[in-house]
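For the single chain, residues carry numbers from 1 onward in sequence order. Everything numeric in this text was worked out from a predicted model, so none of it was measured.
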Amino acid sequence: MPSHDPLPPLSCLRAFEAAARHGSFTQAGSELHLTQSAVSRQIKRLESDLGRPLFERHYDGLRLTPAGEHYFRVVQRLLRDLRDETARLRRRGDDRQLTLASSPTIASIWLARQLPDFQRAHPDIEIRVLTVEDPHRLDLAEFDLGIYYHVQNEVDPPGVYADAIFEQESVAAVCSPVYLERHGQILDPAALLTRHTLMVVEDHYHDWLTWELWFRELGLAWQPPTHTLRANSFQLLMNATLAGQGITLGWMRLLAAELDQGTLVQALPQTLPSRGRLSLFTPEHRHLTEPMRAFREWVLR
């Protein structure tokens, strides 16, 4: 029976929002650390309270009813606003704090080098850096702005819009001078596959250029390399590259400081345009604070 309380059972709303977003009680349960049956019970309780079904159960998954579609949009907006306001209050009312989300690689190689310039211009803004490898795992309530490589309109994380920081970027094979001293100058790209150690990033995202794509897009013959060093962290592989352990594909503007200082050099002259761009992520529907505005203007300039 519908309840006379004007508010729904609030404990059920998160389960409903997650189930509607995933189209699955099981995936909603995984996200909320609940069993599938627990999510199902919460949905049934909410439907009973509202006096109408929110989902149609099909053999291939869940579909929202028209009433469920409308209710989902309302609940999602309210939960988002609640998360944003809660995050703001947890900062103890400090409107001068700015939380920047980024991958560990970009945070350590590029952002850490750039921040002193921003902090000199804005000494009253307190910076907090949150490192999350996969931008799709970002919680919109946990950060103000994000800095990631991404392919425009292909792998946009939900709930953000992106502005390119680097409009143009190229990818090249790079190594340390120490590596070339040990192994000699590389005159033939084919030699990379047979006589050198290539750094291979595993579990990469869509914005990443693999060695195979690099060879094929340059019109070069490809075969699996004889010697590799593999890791699921570009940061780890870059540290190994700087230590003279092999050759990696690197973004030229991201690594501009290392190339200018000579700690990295191009192993070969060939370059390719990067599919991804270093981009600034701004959460949609978020009120821009003064620190957010200041950082956006600075980094996009």
Side-chain angles (χ1 to χ4, degrees), residues 102-114 131-135 147-151 154-155 165-279:
S102 188
S103 71
T105 299
I106 293 171
S108 62
I109 293 177
W110 186 82
L111 182 59
R113 292 181 181 273
Q114 309 303 321
T131 57
V132 178
E133 188 72 59
D134 182 354
I147 299 177
Y148 284 89
Y149 263 87
H150 101 299
V151 180
E154 184 173 329
V155 287
I165 297 173
F166 296 164
E167 288 292 347
Q168 295 180 335
E169 177 64 297
S170 57
V171 179
V174 297
C175 64
S176 74
V178 172
Y179 184 88
L180 292 183
E181 289 174 9
R182 293 173 183 166
H183 300 276
Q185 292 294 321
I186 305 167
L187 304 176
D188 179 10
L192 292 180
L193 300 175
T194 57
R195 297 199 293 273
H196 294 277
T197 300
L198 301 187
M199 304 297 184
V200 177
V201 181
E202 297 179 332
D203 302 328
H204 57 80
Y205 304 116
H206 298 288
D207 59 352
W208 207 271
L209 187 67
T210 65
W211 278 108
E212 182 175 359
L213 283 173
W214 192 78
F215 268 80
R216 294 195 188 284
E217 292 189 20
L218 285 173
L220 303 172
W222 165 259
Q223 67 182 54
T226 304
H227 307 289
T228 62
L229 177 58
R230 298 172 177 270
N232 64 350
S233 165
F234 182 78
Q235 183 181 13
L236 186 154
L237 292 179
M238 181 50 63
N239 289 339
T241 302
L242 290 166
Q245 295 184 37
I247 304 170
T248 192
L249 288 173
W251 291 295
M252 302 296 284
R253 294 186 69 172
L254 185 70
L255 301 172
E258 287 74 12
L259 292 164
D260 290 344
Q261 294 166 3
T263 55
L264 284 178
V265 296
Q266 279 188 242
L268 290 165
Q270 292 92 339
T271 64
L272 277 177
S274 172
R275 295 177 64 239
R277 299 286 186 270
L278 187 66
S279 300

Separation between NE2 of H227 and CD1 of I247, rounded to the nearest 0.5 Å: 11.5 Å
Inter-residue atom distance E133.CD - N232.CG, 0.5 Å rounding: 7.5 Å
Spatial distance of atom CD1 (I147) from atom CD (Q114) [nearest 0.5 Å]: 9.0 Å
Inter-residue atom distance N239.CG - S233.OG, 0.5 Å rounding: 8.0 Å
Minimal non-hydrogen separation, Q235 against S108, with atom names: NE2-OG, 3.2 Å
Donor-acceptor contact below 3.5 Å, side chain R253 vs main chain L278: no
Show me the side-chain donor-acceptor pairs of residues 183-194 shorter than 3.5 Å, one per line, residues at least two apart or across chains.
from: D188; atom 1: OD1; to: A190; atom 2: N; distance (Å): 3.1

Parallel, tilted or perpendicular, as decided by the 30° and 60° cut-offs, for the rings of F215 and W211: tilted
Closest non-hydrogen atom pair between A240 and L229, with its separation: CB-CD2, 3.9 Å
Side-chain (S279) to main-chain (R277) donor-acceptor, under 3.5 angstrom: yes
Shortest non-hydrogen contact between A172 and M252, atoms and distance: CB-SD, 3.5 Å
Close side-chain approach of Q245 and M199, heavy atoms under 4.5 Å: yes
Euclidean distance, Y149 OH relative to S274 OG, rounded to 0.5 Å: 5.5 Å
Separation between CZ of F166 and CG of L254, rounded to the nearest 0.5 Å: 6.5 Å
Aromatic ring pairing H196/Y179, orientation class (parallel under 30°, perpendicular over 60°, tilted between): tilted
Within-4.5 Å side-chain heavy-atom neighbours: V132 and Y148: yes
Distance-only check: which donor-acceptor pairs under 3.5 Å involve side-chain atoms of residues 256-272, not counting sequence neighbours?
from: E258; atom 1: OE2; to: R113; atom 2: NH2; distance (Å): 2.9
from: T263; atom 1: OG1; to: E258; atom 2: O; distance (Å): 3.2
from: Q266; atom 1: NE2; to: L268; atom 2: O; distance (Å): 2.9

